[in-house]
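So the structure is just underneath, and the comments pick up after that.
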Amino acid sequence: MQIDREQLMRRKLPPGYARVVMPLVLSILMSGVVSAVATASNIGPGASFTAAWPNAWVASWMVAFPTLLVVLPLVRRLVAIVVEQPH
């Protein structure tokens with residue numbers, strides 16, 4: 001079964017959701033990477049890493065997502081002050 005482009009476009013979220021979806025995706029990726037590096041630095045690679053990292057990731061994400069929701073609008077304003085905006 002093939003889905004055409006119009007059907008795919010209808011499956012997308014409305015534009016207003018971008019202010020939540022972007023920090024959600026960013027927080028998942030960044031907390032995953034940072035928690036993996038911190039866990040590997042503290043306990044090293046191996047079976048203990050595999051056991052410890054998912055818990056570290058969840059704990060990191062629980063802090064990262066709400067933080068991004070609050071901080072991202074401020075970051076956007078600061079970037080707009082420093083970077084020339086397109087006309």
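No experiment lies behind these values; they were computed from the predicted model shown. Residue numbers count from 1 along this sequence.
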Which donor-acceptor pairs under 3.5 Å do the side chains of residues 16-34 make with protein atoms, sequence neighbours left out?
from : atom 1 : to  : atom 2 : distance (Å)
S27  : OG     : P23 : O      : 2.9
S27  : OG     : L24 : O      : 2.9
S27  : OG     : W61 : NE1    : 2.9
S31  : OG     : S27 : O      : 2.5
S31  : OG     : I28 : O      : 3.4
S31  : OG     : W57 : NE1    : 3.1

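Linking ILVMFWY residues whenever their side-chain heavy atoms come closer than 4.5 Å, directly or via other members, places V71 and V83 in the same cluster.
In terms of heavy-atom proximity, P54 sits nearest to A51 at CD-O, 3.8 Å.
For residues 37-53, the pairs satisfying side-chain hydrogen bond (donor to acceptor under 3.5 Å, both in side chains) are S35-W53, with sequence neighbours left out.
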